[in-house]
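Working notes, structure below.
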There are 2 protein chains.
Amino acid sequence: MAKLYKQLFSQFGWTILLYGLGMGLLLVVLQTARYRFLILDHAQELYFGLIALLFTGLGIWAGRQLTARLAKPTKPLSGDALEQTLAKLGITPREYEVLQLIAQGLSNQEIAGRMFVSLNTIKTHTSNLFSKLDAQRRTQAVQKAQAIGLLSGTHPKV
Amino acid sequence: MAKLYKQLFSQFGWTILLYGLGMGLLLVVLQTARYRFLILDHAQELYFGLIALLFTGLGIWAGRQLTARLAKPTKPLSGDALEQTLAKLGITPREYEVLQLIAQGLSNQEIAGRMFVSLNTIKTHTSNLFSKLDAQRRTQAVQKAQAIGLLSGTHPKV
DNA sequence: GGATATCCCATACTTTCGGGTGATTTCCGG
DNA sequence: CCGGAAATCACCCGAAAGTATGGGATATCC
């Protein structure tokens, strides 16, 4: 449990904390303000609208913050860093080969032919690869791999 | 005035409309619910909290939708060159949108959901797109598009 | 020798893709 | 007003991709 928290925190930093604080603060302010200045009866709708607007804005802001961290762009790794990343993800050499061929737009059949193994073998490799990359599709795997820097620049094959 | 609306609509599609509708609907529902079931006195805080939560979620969603459209047209090639290339290949705006979403690893179903059209429509778009890019698979299309510089992220750098 | 990891292959099954055809609507330019 | 481009959607069909499971062959490390 503490591990999950730590991971989340390291990933999102202060964003969540700040968001929670802001949320609580706003609620408190609004509450006290309600009892102090605006005790008008039918001002409820106005309150709802205001809160809705405010938290919509906050939501957009928070969304931007979070996606900004998740969509962090990176440069292609090389040599040592590459192997380290591969090891961390548990991606085997053979799987990495497959990944590179996938990124070049080859089908499983073509990959099988190029690597002199059966189609089923490639399927196994891709399946394992996807689970290690937390991907459901080959395009997603390529996208994630590029985001991490596992793949060098595109090879203009044709 | 109508022109501005049209432009905005064509840019953001149903996102804004849906958002406005959802907002209004939620407010109405909450209001009527208030007078029907929960006339308890100190339930206000709960309401505020609920609305805050709801609209935070909505805000995040809206933010994602909007930034997805605003961030994509950030051209890797100098604007003009991009449009020229697209025109040369006969790729329509809608098809280009699809291409970008494909490059992000989304399935046709997910793309359909994000663009508020049917799965069949996306299939048509992808099919036309592939023939224009001379590709047989989505991964191949992505590879070629990146090689030409049609996609942000990784493109001819070195 | 046993545990582990990698690689190879297979079968069976479900889902997704891609290709093809055709149809409707809207909008725009000649 | 007519014709074409663009966008939307539908239906079918075969191929490819993905999932699950299990078996067998090495090689390595303890």
Side-chain angles (χ1 to χ4, degrees), chain A residues 83 86-145, chain B residues 2-15 17-18 69 72 83 86-145:
Chain A
E83 287 178 17
L86 288 178
K88 190 174 61 186
L89 295 174
I91 297 179
T92 69
R94 211 61 169 156
E95 285 163 0
Y96 184 55
E97 272 186 74
V98 174
L99 173 61
Q100 289 173 319
L101 294 180
I102 287 180
Q104 304 195 4
L106 300 188
S107 69
N108 286 341
Q109 188 66 67
E110 290 169 332
I111 296 175
R114 195 169 291 201
M115 287 175 67
F116 301 102
V117 295
S118 91
L119 173 60
N120 289 311
T121 303
I122 299 301
K123 282 191 176 189
T124 303
H125 283 322
T126 55
S127 208
N128 293 332
L129 186 60
F130 294 163
S131 78
K132 285 169 185 173
L133 280 174
D134 194 25
Q136 283 73 49
R137 287 167 287 286
R138 46 185 40 227
T139 45
Q140 203 176 4
V142 170
Q143 199 276 326
K144 293 204 174 191
Chain B
K3 190 159 188 171
L4 176 62
Y5 161 75
K6 199 167 233 171
Q7 190 199 337
L8 280 178
F9 185 82
S10 72
Q11 186 156 19
F12 299 125
W14 298 90
T15 302
L17 225 166
L18 278 179
R69 317 240 167 167
K72 281 327 124 194
E83 288 178 17
L86 288 178
K88 190 174 62 188
L89 295 175
I91 297 179
T92 69
R94 210 63 170 154
E95 286 163 2
Y96 184 53
E97 271 186 75
V98 173
L99 172 61
Q100 290 171 321
L101 294 179
I102 287 179
Q104 307 200 352
L106 301 189
S107 70
N108 285 341
Q109 188 66 68
E110 289 169 335
I111 296 175
R114 193 169 294 201
M115 287 175 68
F116 300 103
V117 295
S118 90
L119 172 61
N120 289 312
T121 302
I122 299 301
K123 282 190 174 186
T124 303
H125 284 322
T126 54
S127 207
N128 294 331
L129 187 60
F130 293 163
S131 78
K132 286 168 185 173
L133 279 175
D134 193 26
Q136 283 74 48
R137 287 168 288 284
R138 43 185 43 226
T139 44
Q140 203 176 3
V142 169
Q143 198 277 327
K144 293 203 174 190

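Hydrogens, waters and symmetry mates are skipped; everything else that's a heavy atom, side chains included, is used. Below, chains carry the letters A, B, ... as their sequence lines are ordered, and counting in each starts from 1. Worth saying up front: this structure is predicted, and the values here are computed from it rather than measured.
- Residue A/Asn108 places no side-chain N or O under 4.0 Å from the OP1 or OP2 atom of D/dA16.
- Rounded to whole Å, atom P of D/dT8 lies 10 Å from atom CD of B/Glu95.
- Looking at B/Ser107, its side chain has no donor and acceptor atom pair within 3.5 Å of the base of C/dC17.
- Atoms CZ (B/Phe116) and P (D/dT8) sit 13 Å apart, rounded to a whole Å.
- How far CD of B/Glu95 is from OG1 of B/Thr124: 10.0 Å, rounded to the nearest 0.5 Å.
- When each of D/dT8, C/dC17, D/dA17 is scored by its nearest atom to the side-chain atoms of A/Arg138, the top-ranked nucleotide is D/dA17.
- Distance, A/Ile122 CD1 to C/dT6 C1': 14 Å, rounded to whole Å.
- For B/Thr124, taking side-chain heavy atoms from C-beta onward, the closest of the listed nucleotides D/dC9, C/dC7, C/dC8 is D/dC9.
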Stepwise side-chain contact (heavy atoms from CB on, under 4.5 Å) check, A/Met115 with A/Val98: CA-CA 9 Å; A/Met115 287 175 67; A/Val98 174; 3.9 Å; yes

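- Across the protein-nucleic acid pair, A/Ile111 atom CD1 and D/dG18 atom C1' stand 13 Å apart, rounded to whole Å.
- With the nearest nucleotide of DNA chain D identified for both B/Asn120 and B/Arg137, B/Asn120 has the one nearer the 5' end.
- As rounded to whole Å, 13 Å separates atom C1' of D/dT8 from atom CG of B/Leu119.
- To the nearest angstrom, P of C/dC7 lies 11 Å from CG of A/Leu129.
- If you check distances only, the side chain of A/Thr92 never reaches the base of C/dC7 with a donor-acceptor pair under 3.5 Å.
- When distances run from any side-chain atom of B/Arg94 to the nucleotides C/dG19, D/dT8, C/dC9, the shortest one goes to D/dT8.
- An OP1 or OP2 oxygen of C/dC8 is reached within less than 4.0 angstrom by a side-chain nitrogen or oxygen of A/His125.
- Of the possible polar contacts, one joining the A/Lys144 side chain to the A/Asp134 backbone as a donor-acceptor pair under 3.5 Å is found.
- Between A/Thr126 and D/dA17 there is no side-chain polar atom (N or O) within less than 4.0 angstrom of OP1 or OP2.
- Remark: P of C/dT16 and CD of B/Glu110 are 10 Å apart, rounded to the nearest angstrom.
- Among the heavy atoms of the strands lying under 4.0 Å from A/Thr121 is at least one base atom, whether or not backbone atoms are also near.
- Residue A/Phe130 places its side chain closer to D/dG18 than to any other of D/dG18, D/dA7, C/dG18.
- Distance check, rounded to the nearest 0.5 Å: CZ of A/Arg138 to CG of A/Leu101 gives 10.0 Å.
- The backbone N or O of B/Ile122 lies less than 3.5 Å from a partner atom in the side chain of B/Thr126, making a donor-acceptor pair.
- Atom pair B/Gln136:CD and C/dG18:P shows a separation of 10 Å (rounding to whole Å applied).
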